[in-house]
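Following: one structure in structure tokens, then a few remarks.
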Amino acid sequence: MSNHQNLCHFSFFLFLFFIFFNSTFSDDLQPILALKSALQNPSATVFNTWNPTTNKLCNFSGITCNPDGSVQVIELSNQYLSGQFPFDPICKLKSLEKLSLGHNSIFGPVTDHLKNCVHLKYLDLGNNLFNGTVPDLSPLTHLKSLYLNNSRFSGRFPWNSLKNMPGLNVLSIGDSQFDRSRIPDVVTSLKKLRWLYLSNCSIEGSIPNGIGNLTELRDLELADNNLDGVIPIEITKLKNLGRLELYDNYLTGKLPIGLGNLSKLQFFDASNNQLEGDLSEVRGLTNLVTLQLFTNQFTGVIPPELGNFRRLVNLSLYQNQLTGELPQKLGYWSEFNFIDASENYLTGPIPPDMCRKGKMKYILILQNNFTGNIPDKYTDCISLTRLRVNNNSLSGVVPSGIWGLPNVGLIDISLNKFQGPISDEIKKAASLIVLRANDNKLSGQIPKFIQNVSKLVEINLSNNLLSGRIPETIGQMLKLSSLQLQNNKISGPIPQNISSCVSLSDINMANNSISGEIPYSLGSLPALYSLNLSENHLVGPIPSTLSSLKLSILDLSHNQLTGQIPDSLSSYVYNGSFAGNDGLSREKVGKLKRQNLILLILLLVFVVGLLFLLVACYSYIKVNGIRKDNNQSTRMMNVQVEGLGRTTTQRI
């Protein structure tokens, strides 16, 4: 064959390829443009490049093509898309293997046309606004990843469709209001599954023993359902498991023997169940990052081995019946950032190294029986945002730096046995919103620098041994809503500028040694509904300005107040609000008594007058009645005389 003939043949084949290529390009372009038309909105900037006159199809953002120019991938997740998706034209793309639409606002039904996407390996419709049921997916036999989670689907899920998907790696259908269903056998037959997400999708019944068949699982999430029964021992066969989430169910029994052999497990959460027994199986889970078993019925001690876990950063065991000490090595090795062991029966000291790596944010160990003090090391824990050690038996002086931690929003050390002062370091607590130190043995004065804590909303220092004056600077705390200082030894006057605390709704300074007059400016606090100044040494009158407040609670009893109780406050007279103030006069009550006396006198006058009138009427009727009788007798006699004639003897 000559070179000329070869060249001709090559040109002919090139021409055919060009025709085929253009035909494929043209066939795929129209469905893509239909998609753009259906979902385009001002926020969907991904479509800016979807212009066939200036750009090739395979250069459209989110579009990936095969070498022949056919569309292989549509990647449009997180693109602010809205509208109804055109499944009919899109599923005519003969080479489409991946359709990713997750995290948009696509709505409407998923039509039966989806079954025409027979080459799909990856389908993500999750986190959208679809409605209705999931159609039959049986024709999608090549699927490896199926994401339908959190997209408002309802009705019965087509479980039988999964029989035709033996290669499925990901099944994510959680956070949907499907009809109640048990985990079917078809799920436990998908032996290539690596991620099974069935949380919050109306699953009920027990966890099937067949779950142990899914040995490739890395992630098993069955939380927030209606599962009951025990955690099957077969779950311990899942040696590759890195995440196990079973929280918010009705599971009972103990942690299965052998759970500790899941050496790759990093995230374990079985909170909010009815599990019992001890935590001994947890000792072997040395790669744990997060352990959450709160709100169960676990007993016994927390395994001390947890203190040696190199990756553990989150330990949440609150509302159980655990005893013994917290592992004293907690946080020594790992970048520990969260502990909540509240509402147990734990004893012993607070572990000293939980903030050793400088990452600790939450220390929540309230309502236990901890003893000892707050370790000095925590004064350097500038990452801390919440410190709650209340309702324990802790003692000693609170380390000075604790009061001034710059990022802490809540300090609650109440109901302990702490002593010593509130440090001036509190001026550094720029993020502090709530300070609860009540029911301790704190002494000294309220620091004048407390006004620097401009975000404070609640101060509760009640039931301590605090003395000195309320600092004048308190008037600079514009966000302060609740001020609880009762049962201390505070003296001096109530600062006049307390009226600048315009957010104050609750003031309690009872049982102190506060003197002087009640500031008239208190009446200008627009939100104040509770005021208790009882059992102090206050003098002078009750400010009339208090009349303008809508108080639910008012107690000014057992002071040395004088003058009259304002009329508008008289309703508090009968509940003891003003008892123990001998110099007060109940003006309103006096007025009421005088008014009642006047009414009584008027009533008596009315009754006497009425009686007098009745007597007068009776006398009048009686006199006029006699005259009438006499006249009638005379007329009768005259009639008789006329009727008898002259022969009748007349009687006079």
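Keep in mind that the numbers below use all heavy atoms, side chains included, and drop hydrogens, waters and symmetry copies.
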Does the side chain of [X] reach to within under 4.5 Å of the side chain of [Y], using non-hydrogen atoms?
X: Met360; Y: Phe338; answer: no
X: Trp195; Y: Leu217; answer: no
X: Asn150; Y: Asn200; answer: no
X: Phe85; Y: Leu35; answer: yes
X: Ile173; Y: Phe153; answer: no
X: Leu279; Y: Leu322; answer: yes
X: Val289; Y: Leu312; answer: no
X: Leu251; Y: Val230; answer: no

Cation-pi geometry met for Arg152 and Phe130 (6.0 Å, 45°):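 That pair does not qualify as a cation-pi contact.
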Hey, does the Lys NZ or Arg CZ of Arg356 hover above the aromatic six-ring of Tyr332, less than 6.0 Å from the centre and inside 45° of the axis?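 Yes; both conditions hold, so Arg356 lies above the ring face of Tyr332.
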Would you say [Y] and [X] are linked by a side-chain donor-acceptor pair, where the criterion is simply a distance under 3.5 Å?
X: Ser271; Y: Thr295; answer: no
X: Lys264; Y: Asn240; answer: yes
X: Ser161; Y: Asp136; answer: yes

Given 3.5 Å as the limit, does a donor-acceptor pair link the side chain of [X] with the main chain of [Y], or not?
X: Ser145; Y: Tyr122; value: no
X: Ser431; Y: Pro406; value: yes
X: Asn225; Y: Glu204; value: no
X: Asn249; Y: Tyr247; value: yes
X: Asn368; Y: Ala341; value: yes
X: Ser189; Y: Val186; value: yes
X: Asp340; Y: Ser342; value: yes
X: Asn48; Y: Val46; value: no
X: Asn296; Y: Leu275; value: yes
X: Asp269; Y: Leu293; value: no

Taking the six-membered ring where the residue is Trp, are the ring centres of Trp159 and Phe178 under 6.0 Å apart?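 No; Phe178 has its ring centre 6.0 Å or more from that of Trp159.
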For the rings on Tyr147 and Tyr197, is their centre-to-centre separation under 6.0 Å?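 No, the ring centres sit 6.0 Å or more apart.
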Going by atom type alone, with no hydrogens or angles, which donor-acceptor pairs under 3.5 Å involve a side-chain atom of residues 100-108 and a protein atom two or more places apart or on another chain?
unit_1: Ser100; atom_1: OG; unit_2: Glu75; atom_2: OE1; d: 3.4
unit_1: Ser100; atom_1: OG; unit_2: Glu75; atom_2: OE2; d: 3.1
unit_1: His103; atom_1: NE2; unit_2: Asn127; atom_2: ND2; d: 3.2
unit_1: Asn104; atom_1: OD1; unit_2: Gln79; atom_2: N; d: 3.0
unit_1: Asn104; atom_1: OD1; unit_2: Tyr80; atom_2: N; d: 3.0
unit_1: Asn104; atom_1: OD1; unit_2: Leu81; atom_2: N; d: 2.9
unit_1: Asn104; atom_1: ND2; unit_2: Leu76; atom_2: O; d: 2.9
unit_1: Asn104; atom_1: ND2; unit_2: Leu101; atom_2: O; d: 2.9
unit_1: Asn104; atom_1: ND2; unit_2: Gly102; atom_2: O; d: 3.3

Would Leu291 and Leu285 satisfy side-chain contact (heavy atoms from CB on, under 4.5 Å), going step by step from the backbone distance to the final call? CA-CA 10 Å; Leu291 176 61; Leu285 304 176; 5.5 Å; no
Worked verdict on Ser481 versus Ser503 for side-chain hydrogen bond (donor to acceptor under 3.5 Å, both in side chains): CA-CA 5 Å; Ser481 173; Ser503 299; over 6 Å; no
Where [X] and [Y] come nearest, the two heavy atoms and their spacing:
X: Ile233; Y: Pro256; result: CA-CB, 4.0 Å
X: Leu168; Y: Leu190; result: CD2-CD1, 4.0 Å
X: Pro303; Y: Arg283; result: CB-CG, 3.3 Å
X: Ile211; Y: Thr188; result: N-CG2, 3.8 Å
X: Gly358; Y: Ser383; result: O-OG, 3.4 Å
X: Pro327; Y: Gly307; result: CB-N, 3.9 Å

Working to the nearest 0.5 Å, report the span between CG of Asn344 and CZ of Phe298.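 Answer for the CG-CZ pair, Asn344 versus Phe298, is 11.5 Å.
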Start with the C-alpha gap between Ser172 and Asn149, add the side-chain angles, then the distance that decides, and say whether side-chain hydrogen bond (donor to acceptor under 3.5 Å, both in side chains) holds. CA-CA 6 Å; Ser172 178; Asn149 54 290; 3.0 Å; yes
For Cys355, disulfide bond (SG atoms under 2.5 Å apart) partners two or more places apart: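 Listed in chain order: Cys381.
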Above 12 or not: heavy atoms from other molecules or residues under 6.0 Å from [atom1] of [X]?
X: Arg218; atom1: CZ; result: yes
X: Lys98; atom1: NZ; result: yes
X: Lys121; atom1: NZ; result: no
X: Asn66; atom1: CG; result: yes
X: Lys163; atom1: NZ; result: no
X: Gln177; atom1: CD; result: no
X: Ile257; atom1: CD1; result: no

Evaluation steps, side-chain contact (heavy atoms from CB on, under 4.5 Å), between Ile433 and Leu410: CA-CA 6 Å; Ile433 297 173; Leu410 169 61; over 6 Å; no
Please report the C-alpha distance between Asp179 and Phe157 in whole Å, then the side-chain angles of each, then the deciding distance to 0.1 Å, and finally whether the side-chain contact (heavy atoms from CB on, under 4.5 Å) criterion is met. CA-CA 7 Å; Asp179 293 346; Phe157 182 78; over 6 Å; no
Run Leu346 and Leu326 through side-chain contact (heavy atoms from CB on, under 4.5 Å) and show every step you take. CA-CA 7 Å; Leu346 299 171; Leu326 279 177; 4.1 Å; yes
Hey, are [X] and [Y] close enough for a salt bridge, meaning a charged N less than 4.0 Å from a carboxylate O?
X: Asp219; Y: Arg243; result: yes
X: Glu216; Y: Lys192; result: no
X: Arg436; Y: Glu458; result: yes

Passes side-chain hydrogen bond (donor to acceptor under 3.5 Å, both in side chains), Asn308 versus Lys329? Steps please. CA-CA 7 Å; Asn308 295 320; Lys329 286 272 190 172; 5.7 Å; no
Kindly determine whether Trp50 and Gln40 satisfy side-chain hydrogen bond (donor to acceptor under 3.5 Å, both in side chains), including the steps that lead there. CA-CA 11 Å; Trp50 287 34; Gln40 190 171 17; over 6 Å; no
